[in-house]
Amino acid sequence: MTAEPDGPEDRLRRFATIWSRAVFPVTSTSLTRPELEEQLLPLARRLSEALRARSFEAETPKAVGAALVGAHCTDPDALARSLDCVDAYLVLYCGEDGPQEDLRTRCSRLQHAMAAGFAQKLRERTLAEQEAIAQAALRAQGVVAQALHASEARFRAVFEGAAIGIGIADLQGNILEVNGALVRMFGGGEQAVRGRNVSEWTHADDAPQVWRLYDELVRGEREHYHVEKAFYRPDGTVLWTNLTVSLLRDPDGQPQYQLALMEDTTERRLLNLRLRYEATHDALTGLPNRTLFFERLEKVLAAGEGQRFGLCYLDLDGFKTINDSLGHAAGDRLLVEVADRLQSCATAPGEMVARLGGDEFVALTTGPDTHREVDDLAARIMNALVAPVRIEGRELTVRGSIGIVEGPAGEHSPAEVLRSADITMYRAKSAGGNRFELADPEADARAITRHGLTTALPAALERGEFFIEYQPLVHLGDGSVRGAEALVRWLHPQHGVLGPDRFIPLAEHTGLIVPLGRWVLEQSVRQVGHWRERCGEPGPLRINVNLSPCQLTHPGLVQDTVDILERAGVSPEALCLEVTESALIGADDDLLKPLRRLAEMGVDIALDDFGTGYSNLANLRRLPVSVLKLDRSFTQSMQQFPADPVDLKIVEGIVSLAHSLDLAVTVEGVETGAQAEQLRILGCDTAQGWYYARPGPPDRLHELALVDATG
Ligand code: C2E
Ligand code: CA
Ligand code: CA
């Protein structure tokens, strides 16, 4: 039992354990470590879900950050340790087999959102505390005023025992009384406060209203005010306070004293600054992060008439290869070096560099004349990357692709601008990389679907957005249904049903075709198993599944296929794999080996789209192929009646050659009865096309086959 591999739940639990161990030492709770782990487990689950969610959504990780504050993990170290833990282990334990690159980017965004949520929650809590203190201050004012008139002793008790600093001054600002807490805030020396005048306590960071409110109060025009104020301590350090000042009147109602209540917020303020810094900067490179960049871009785009912006979106070429071959540590050092170089490119006022995540950076320039400036900026960046980077004794050449967007403020949202830059960068990359391209709205529109579809593909497979339609294969001799070809479709949440021509090339390009193809094979084989159980006549149904060239070269092809057949309890004879002619042209023995092994097991291999490539017919002999699928173009030429005699001759020739090589011939794209008849006369064995049925749900085929068998 112990040898069983961990399930997702076990891994999630392991992550929560590690997390609890990391933060437990710095929490201020009465919980035990295992109890804390129980509290962190649901948070871990939410992070894990957010990591793998279809689209990034900051609310969940923000809520997790906030929940940390709720769980008494308010120490800044608790946040830092949590972020470290997420950084090091979340993808490892909860990333499953998703694309690592995307998961890493997603993971760093999660951390930023977590930090932001943490900071925000802490701020809210601070505000709530301040509110409570202000309430207490008002109550204290009543008590103190009373005490002043009543008993000096009782006043002393309230005054000295208070945890917050209390001071009393006359209306000229001379400080008459201070309590111990206040003295301690100023560093402990009585002389630092007693006997001084309030007016000496100006500070460079005083908000403009601080002294206006003070004047109003001492003139008797206001009863109290509340501000945040800094003071210099005698040792030169700064004390930050929440200051509440109230006017004390004598029994006749005449202004007499001012009473100050102050709470030391220095620590909390530093913490907030640090949190703000952490939430807005990239831990690896120290550059502003996505959050800060968005804030900045938002401001820039909201600027008035005449203001323009220019943005360079940089993505390193081949960074993944470096990371994979030299390791993450080397990858990190490269990123730090690149960050430093970028920073030195954008030093003018109005310029900024940020890291968006992974190997993506942005440089922003603003002002009235960004048109020229942004080109210069991009050129400077390309230049800065020219010199190789030395890491671990190697000289690494760094290249990048830049997408440039430039324009007037006030026309687009930050997200639109960034997307446009991203697409443009993608265009620069597809053109070979190591270059910059300027955004072009028309090219963008064309690229959007392509780019959008590509990025949506992996999640689409996880979310089950693909489905398969089956198109019957009919025996030309007796018209019976012999099987079907599986044709995959994508039910895209925005674009509706997309045909394979829209996304198969993208899936091939990104490598997703391997898991997608495996999924299609698995579904189709299971489906043919069901059909075979339900209708035996007139002969067992078979399934044709398309294979992309990339699947052919994938080392797991044979084993995966064997496993899939075994698991579904379907014999190899029920399966026909379709490979395009072009994929096998010039194929060497290595490439053919897996196909040959499958053919030896009894799987049929069909040469798809035959006649579109230039395979030497004699060459067919050395391919492990048992079916020729004539391309639709042959059928199309038989649309007219009578058909072109030359075409007929060609097809006749192919059919007789195929038969002499023991190959069956299937024709595609049969749309009319006349075509079907013609092809039958020419000796073709099976046909497929709209004349018989369009591709459709699996039950349709079952019905067709059944009608056949009974009727
Ligand atoms: P294909 O293998 O040549 O598939 C036949 C295509 O012809 C299908 O288009 C089918 O819907 C269409 N068709 C069928 N009968 C007729 C007809 O009478 N007239 C006309 N005009 N067309 C007909 P579909 O479904 O758009 O598939 C396009 C291509 O996508 C397929 O061409 C195949 O190469 C590829 N494909 C489909 N599913 C998969 C898959 O699961 N894996 C891979 N690698 N490729 C797939
Ligand atoms: Ca096919
Ligand atoms: Ca075909």
Side-chain angles (χ1 to χ4, degrees), residues 457 460-461 465-474 476 481 483-491 496-528 542-554 557 560-561 564 575-584 595 604-613 625 627-639 665-676 678-679 684 686-698 700-701 704:
L457 267 172
L461 185 58
E465 290 172 3
F466 293 102
F467 66 98
I468 300 174
E469 286 191 323
Y470 298 88
Q471 187 174 35
L473 284 153
V474 176
L476 276 168
V481 173
E485 178 176 5
L487 296 161
V488 65
R489 280 94 182 78
W490 178 5
L491 179 57
V497 175
L498 301 178
D501 293 338
R502 292 288 296 280
F503 61 85
I504 291 286
L506 306 180
E508 287 175 338
H509 188 68
T510 56
L512 190 84
I513 191 67
V514 171
L516 176 61
R518 197 185 298 132
W519 179 83
V520 172
L521 186 65
E522 197 161 15
Q523 297 293 311
S524 312
V525 164
R526 219 182 281 165
Q527 187 57 57
V528 79
R542 311 176 66 235
I543 186 77
N544 284 34
V545 179
N546 292 287
L547 270 197
S548 278
C550 326
Q551 288 172 273
L552 271 186
T553 51
H554 191 264
L557 175 67
D560 284 352
T561 310
I564 286 171
L575 176 64
C576 175
L577 294 174
E578 299 191 1
V579 185
T580 59
E581 183 192 7
S582 49
L584 292 188
L595 283 184
D604 269 323
I605 310 293
L607 205 54
D608 202 356
D609 303 339
F610 186 79
T612 53
V625 165
V627 181
L628 277 195
K629 260 190 118 167
L630 284 195
D631 188 63
R632 200 156 65 219
S633 51
F634 289 103
T635 322
Q636 263 161 4
S637 71
M638 279 164 217
Q639 202 99 21
V665 178
T666 302
V667 286
E668 288 186 313
V670 179
E671 295 181 355
T672 66
Q675 287 172 328
Q678 187 70 262
L679 290 159
C684 297
T686 33
Q688 176 182 357
W690 298 347
Y691 172 63
Y692 304 103
R694 302 228 171 195
R700 279 264 305 138
L701 189 100
L704 284 170

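Every number for a ligand or one of its atoms is a count from 1 in the order of the listing. Both backbone and side-chain heavy atoms feed into the values below; hydrogens, waters and symmetry mates do not.
Taking all heavy atoms of Y692, F466, W690 into account, the minimum distance to atom 18 (O) of ligand 1 is reached by W690. If you check each of R632, K629, E668 against atom 12 (C) of ligand 1, the one with the closest non-hydrogen atom is R632.
Of all the heavy atoms of S548, the ones lying under 4.0 Å from any atom of ligand 1 are found in both the backbone and the side chain. Using a 4.0 Å cut-off between heavy atoms, Q471 contacts ligand 1 through its side chain alone, with no backbone atom that close. Contacts between R489 and ligand 1 below 4.0 angstrom, taking non-hydrogen atoms only, involve the side chain exclusively. When non-hydrogen atoms are compared, ligand 1 lies under 4.0 Å from the side chain of D609 (C-beta onward) but not from its backbone. Heavy atoms from both the backbone and the side chain of L487 come within less than 4.0 Å of ligand 1. For R694, no heavy-atom contact with ligand 1 is shorter than 4.0 Å. With a 4.0 Å heavy-atom cut-off, ligand 1 is reached by no atom of E469. Contact annotation for T580 and ligand 1: no heavy atom of the residue comes within less than 4.0 Å of the ligand. Within the 4.0 Å heavy-atom criterion, the part of V670 lying near ligand 1 is the backbone and not the side chain.
With 3.0 Å as the limit, D609 does not count as an N, O or S neighbour of the Ca ion (ligand 2). Within the coordination shell of the Ca ion (ligand 2), defined by N, O or S atoms under 3.0 Å, N544 is absent. Among the backbone and side-chain atoms of E485, an N, O or S atom lies under 3.0 Å from the Ca ion (ligand 2).
Annotation for ligand 1: atoms under 4.0 Å from non-hydrogen atoms of P695 are 11 (O). Near V488, the atoms of ligand 1 lying under 4.0 angstrom from a non-hydrogen atom of the residue are 38 (N), 39 (C), 40 (C), 41 (O). Numbered from 1 in the order shown, with element, the atoms of ligand 1 that lie under 4.0 Å from a heavy atom of E671 read 17 (C), 18 (O), 19 (N), 20 (C), 21 (N).
Here's the thing with Y691: none of its N/O atoms is less than 3.5 angstrom from an N/O atom of ligand 1. At a 3.5 angstrom cut-off on N or O pairs, L547 does not count as close to ligand 1. The shortest N/O to N/O separation between E485 and ligand 1 falls below 3.5 Å. On a distance-only criterion, N546 and ligand 1 share at least one N/O pair closer than 3.5 Å.
For Y691, the OH atom sits in a loose shell: 12 or fewer heavy atoms of surrounding residues, nucleotides or ligands are nearer than 6.0 Å.
Partners of R518 by salt bridge (Lys or Arg N to Asp or Glu O under 4.0 Å), not counting sequence neighbours, listed by chain and number: D560. Legend: residues meeting salt bridge (Lys or Arg N to Asp or Glu O under 4.0 Å) with E465, ordered by chain and number and at least two apart, are R54, R463.
The side-chain heavy atoms of F466 and V520, taken from C-beta on, include no pair separated by under 4.5 Å. V665 has its side chain out of reach of L679: every pair of non-hydrogen atoms, C-beta onward, lies at least 4.5 Å apart.
As for D608, its N/O/S atom nearest the Ca ion (ligand 2) is the one called OD2. Closest to the Ca ion (ligand 2) among the N, O or S atoms of E578 is OE1.
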Determine, step by step, whether K629 and F610 satisfy the side chain to side chain contact (heavy atoms under 4.5 Å, CB included) criterion, reporting the C-alpha distance in whole Å, the side-chain angles of both residues, the deciding distance to 0.1 Å, and the verdict. CA-CA 6 Å; K629 260 190 118 167; F610 186 79; 5.6 Å; no
Given side chain to side chain contact (heavy atoms under 4.5 Å, CB included), test V625 with V579 step by step and report yes or no. CA-CA 9 Å; V625 165; V579 185; over 6 Å; no
Any chance you could lay out the side chain to side chain contact (heavy atoms under 4.5 Å, CB included) test for T635 and L630, step after step, and finish with the verdict? CA-CA 8 Å; T635 322; L630 284 195; 5.9 Å; no
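Judged by distance alone, with hydrogens and angles left aside, the side-chain atoms of E671 form no donor-acceptor pair with the main-chain N or O of G689 at under 3.5 Å. At least one donor-acceptor pair under 3.5 Å links the side chain of E581 to the backbone N or O of G611. With S548 contributing its side chain and Q551 its backbone, the two residues share no donor-acceptor pair below 3.5 Å. Side-chain atoms of E578 never come within 3.5 Å of backbone atoms of D608 as a donor-acceptor pair (strictly under, hydrogens ignored).
Between V667 and V670 the shortest heavy-atom distance is CG2-CG2, 4.0 Å. The two residues C576 and I605 have their closest heavy-atom pair at SG-C, 4.4 Å.
Proximity of G669 to ligand 1 is established by a heavy-atom distance of less than 4.0 Å. Distances shorter than 4.0 angstrom do not occur between any heavy atom of G517 and any atom of ligand 1.
A side-chain donor from one of N546 and E485 sits under 3.5 Å from a side-chain acceptor of the other.
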